[in-house]
Amino acid sequence: MSGEVLINLTPMETRVAVVENGVLQEAFIERSRRRGIVGNIYKGKVVRVLPGMQAAFVDIGLDRAAFIHAHEVMPPGTPAEEQLSIGHLLHEGQALVVQVTKDPIGSKGARLTTHLSVPSRYLVYMPDAPHHGVSQRIEDDRERERLRGLIEEAQAGQSLEVSGGFIVRTAAEGVGLEELFADMHFLLRLWRKVSERKITAPAPSVIYDDLPLFMRILRDVMRDDIEKVRIDSRENHVKLIEFAEEFMPDAVERIEHYAGERPIFDLFSVEDEIQKALGRKVQLKSGGYLVIDPTEAMTTIDVNTGGYVGHRNLEETIFKTNLEAATAIARQLRLRNLGGIIIIDLIDMEDSEHQRQVLRMLEKSLERDHAKTKCTGVTELGLVQLTRKRTRESLEQTLCEACPTCAGRGTLKTPETVCYEIFREILREERAYSAETYMVLAGQAVVDRLLDEESAAVADLEEFIGKPIRFQVETHYSQEQYDIVLM
């Protein structure tokens, strides 16, 4: 599998596309006014303690106070029976050093922890953790043991004082002692600066700001199968090369400045794919399709055969559609950055072996996802349940807002429904004020219906209240909007 990373930089925003085998797999968008803050460390101030929720709100200098739970304040690994209430841990006005684990999403503030960590290319340093670990994505037991040994060897050779522990990242698979030693030295120097800022910085303020998006992508996404990183900004191309020379020398030759006349996101139809990812319906090559519906609590994905009729029998058609859907769903989760609980309604399969193969295909397709996912299998109702870690807003939340006309429902009241609301409102107004004439201001479709299909009902209402009713079209009104003027 071959891949490319495309980076589009302007003063207003940074956009990154991860392409595999010519197909867009992930999109990252960061605007200068709404930069992601996951990983940033702040010195904040506790503004409210909520004993009933075992949580507190902390002012870290954002528009909304951030949220921290009691277990994120207790030392890591504290047994449940020894955990204290939030009232014993924090009090209002207290200064607190915290790290953001989730960006503010929708109406929810950022999520925080006091279990701090700083990442590099191959390692994550956790100053308060007493042990070392290896990424679970490195499955080979021999490699895991080798890396543990190298970490201990690198730690023993450090000239800087080392406390805490290190987690070996997936990207470290196959690297040697020299690379791990350099990363460890960098992280310890970085942490020394952070420790100094913890003491001197006022509350609230930023103590540690993670790298800008175009550098973070190089650090976190770069793998051996990424053949090229193309960036369309000459100035930031130089910065990226300098960053790679210091921390990722093996990536330098793969970074190039894109000077083409076509916008960089027109390569591989990235712009078109982003537009498609904002829709509910996803077409499958076989003729089947997915319907994706994100909600506040979870995301549901429905699989349909659509126009695919197969060549042999119904069971084969269903199996082939579900197999293709499994691959497409894994891609859509990454591309749309859907997180939390995800429920997949596959087409019912009678063959248990087919169920197993589809589930295996889904799990295999999710292996390349950088976000942590967990699949719990098929339920009695034939639904697949999985969770995907959510740390930032979805693509839809980043690029869109709720429709002001339907308030995010996705549907509008029919003109008929609005007409009958108007009738009821006129009756209420008549009982309360008894005006001489009523003027109805409404959109074109509603007024047309009142003068045509509902004209008999209007006549009956005029006779019932003994007052004339007039109508006026307001072109800027939505279909649901109306006003009744008493004259």
Side-chain angles (χ1 to χ4, degrees), residues 1 18 20-27 136-137 139 272-391 394-397 409-411:
M1 184 174 285
V18 179
E20 293 172 2
N21 291 340
V23 179
L24 177 66
Q25 299 292 332
E26 287 186 271
Q136 293 180 351
R137 289 175 180 263
E139 297 178 353
D272 291 342
E273 289 299 318
I274 289 175
Q275 291 304 315
K276 289 179 186 176
L278 298 176
R280 288 180 69 225
K281 197 171 180 179
V282 179
Q283 285 294 150
L284 303 176
K285 290 180 180 177
S286 65
Y289 62 92
L290 311 176
V291 176
I292 302 175
D293 282 313
T295 69
E296 187 74 19
M298 66 182 71
T299 297
T300 61
I301 302 176
D302 187 31
V303 183
N304 299 277
T305 54
Y308 182 49
V309 294
H311 301 290
R312 294 171 62 186
N313 56 49
L314 179 61
E315 182 66 22
E316 180 208 8
T317 302
I318 290 171
F319 175 52
K320 292 272 181 66
T321 304
N322 281 338
L323 268 182
E324 188 186 359
T327 306
I329 287 167
R331 173 176 174 257
Q332 291 296 325
L333 295 182
R334 291 175 66 188
L335 178 54
R336 297 169 185 244
N337 192 33
L338 299 172
I341 300 169
I342 294 145
I343 304 294
I344 303 168
D345 185 8
L346 295 168
I347 308 166
D348 290 340
M349 293 174 286
E350 295 179 3
D351 190 329
S352 58
E353 178 59 22
H354 284 175
Q355 286 186 7
R356 191 192 66 78
Q357 288 186 45
V358 169
L359 202 59
R360 176 62 191 133
M361 175 63 77
L362 178 61
E363 290 170 344
K364 186 178 179 183
S365 301
L366 288 169
E367 285 175 0
R368 297 184 65 78
D369 195 339
H370 69 280
K372 186 177 180 181
T373 57
K374 182 180 179 182
C375 189
T376 58
V378 182
T379 69
E380 292 178 1
L381 298 175
L383 305 174
V384 176
Q385 298 177 157
L386 64 92
T387 58
R388 185 175 186 269
K389 188 174 181 182
R390 174 166 36 202
T391 57
S394 68
L395 188 68
E396 183 183 47
Q397 288 169 322
R409 293 197 315 269
T411 57

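All figures in this text were calculated on a predicted structure; none of them were measured in a lab. Any value given below was found using the heavy atoms of this structure, including those in side chains, with hydrogens, waters and symmetry copies removed.
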Contact summary for D293 and V291, nearest pair of heavy atoms:
OD2-CG1, 3.8 Å
Report the C-alpha distance between Q25 and L335 in whole Å, list the side-chain angles of each, state the deciding distance to 0.1 Å, and finish with yes or no for side chain to side chain contact (heavy atoms under 4.5 Å, CB included).
CA-CA 5 Å; Q25 299 292 332; L335 178 54; over 6 Å; no
So, the side chain of Q332 versus the backbone of A277: is there a donor-acceptor pair under 3.5 Å, distance only?
no
Between I329 and I342, does the side chain to side chain contact (heavy atoms under 4.5 Å, CB included) criterion hold? Intermediate values first, please.
CA-CA 10 Å; I329 287 167; I342 294 145; 5.7 Å; no
Salt bridge flag under 4.0 Å for residues E324 and R331:
no
L395 CG to R336 CZ distance, which is reported to the nearest 0.5 Å:
8.5 Å
Between the side chain of T376 and the main-chain N/O of Q385, is any donor-acceptor distance below 3.5 Å?
yes
Close side-chain approach of D345 and V303, heavy atoms under 4.5 Å:
no
Heavy-atom check, side chain of I274 versus side chain of L24, under 4.5 Å:
yes
What is the distance from atom CE of M349 to atom CD of Q355, rounded to the nearest 0.5 Å?
5.0 Å
State, with a plain yes or no, whether a side-chain heavy atom of Y289 is found less than 4.5 Å away from one of V282.
no
dist L366:CG -> K364:NZ (nearest 0.5 Å) comes out at 12.5 Å
Distance in Å, L323 CG paired with L284 CG, rounded so as to fall on 0.5 Å steps:
11.5 Å
Donor-acceptor under 3.5 Å (T295 side chain, T299 main chain):
no
Is a side-chain N or O of R409 found less than 3.5 angstrom from the main chain of T411, in a donor-acceptor match?
yes
Between the main-chain N or O of I344 and the side-chain N or O of D302, is there a donor-acceptor pair closer than 3.5 Å?
no
May I ask you to check whether over 12 heavy atoms, not counting those of E353, lie within 6.0 Å of atom CD?
yes
Taking all non-hydrogen atoms of both residues, which atom of E396 and which atom of P294 are closest, and how far apart?
OE1-CG, 4.0 Å
Within the 3.5 Å criterion, strictly below it, is a donor on N337 or R390 matched to an acceptor on the partner's side chain?
no
Dump the intermediate steps for side chain to side chain contact (heavy atoms under 4.5 Å, CB included) on I292 and L338, then the final yes or no.
CA-CA 10 Å; I292 302 175; L338 299 172; 3.9 Å; yes
Can you list the steps and then say if C375 with E363 is a side chain to side chain contact (heavy atoms under 4.5 Å, CB included)?
CA-CA 7 Å; C375 189; E363 290 170 344; 4.2 Å; yes
Out of R360, R137, K372, which one pairs with E367 under the salt bridge (Lys or Arg N to Asp or Glu O under 4.0 Å) rule?
R360
4.5 Å side-chain heavy-atom contact, D351 and E315
yes
Nearest atoms (heavy-atom pairs only) where A330 meets S365
CB-CB, 3.4 Å
Interatomic spacing from CG in L278 to NZ in K276 - rounded to 0.5 Å:
12.5 Å
How long is the gap from CG on L386 to CG on L362, to the nearest 0.5 Å?
6.0 Å
Do any N or O atoms from the side chain of R388 and from the backbone of I341 form a donor-acceptor pair under 3.5 angstrom?
no
Look only at the side chain of Q357 and the backbone of H354, and say whether a donor-acceptor pair between them is shorter than 3.5 Å.
no
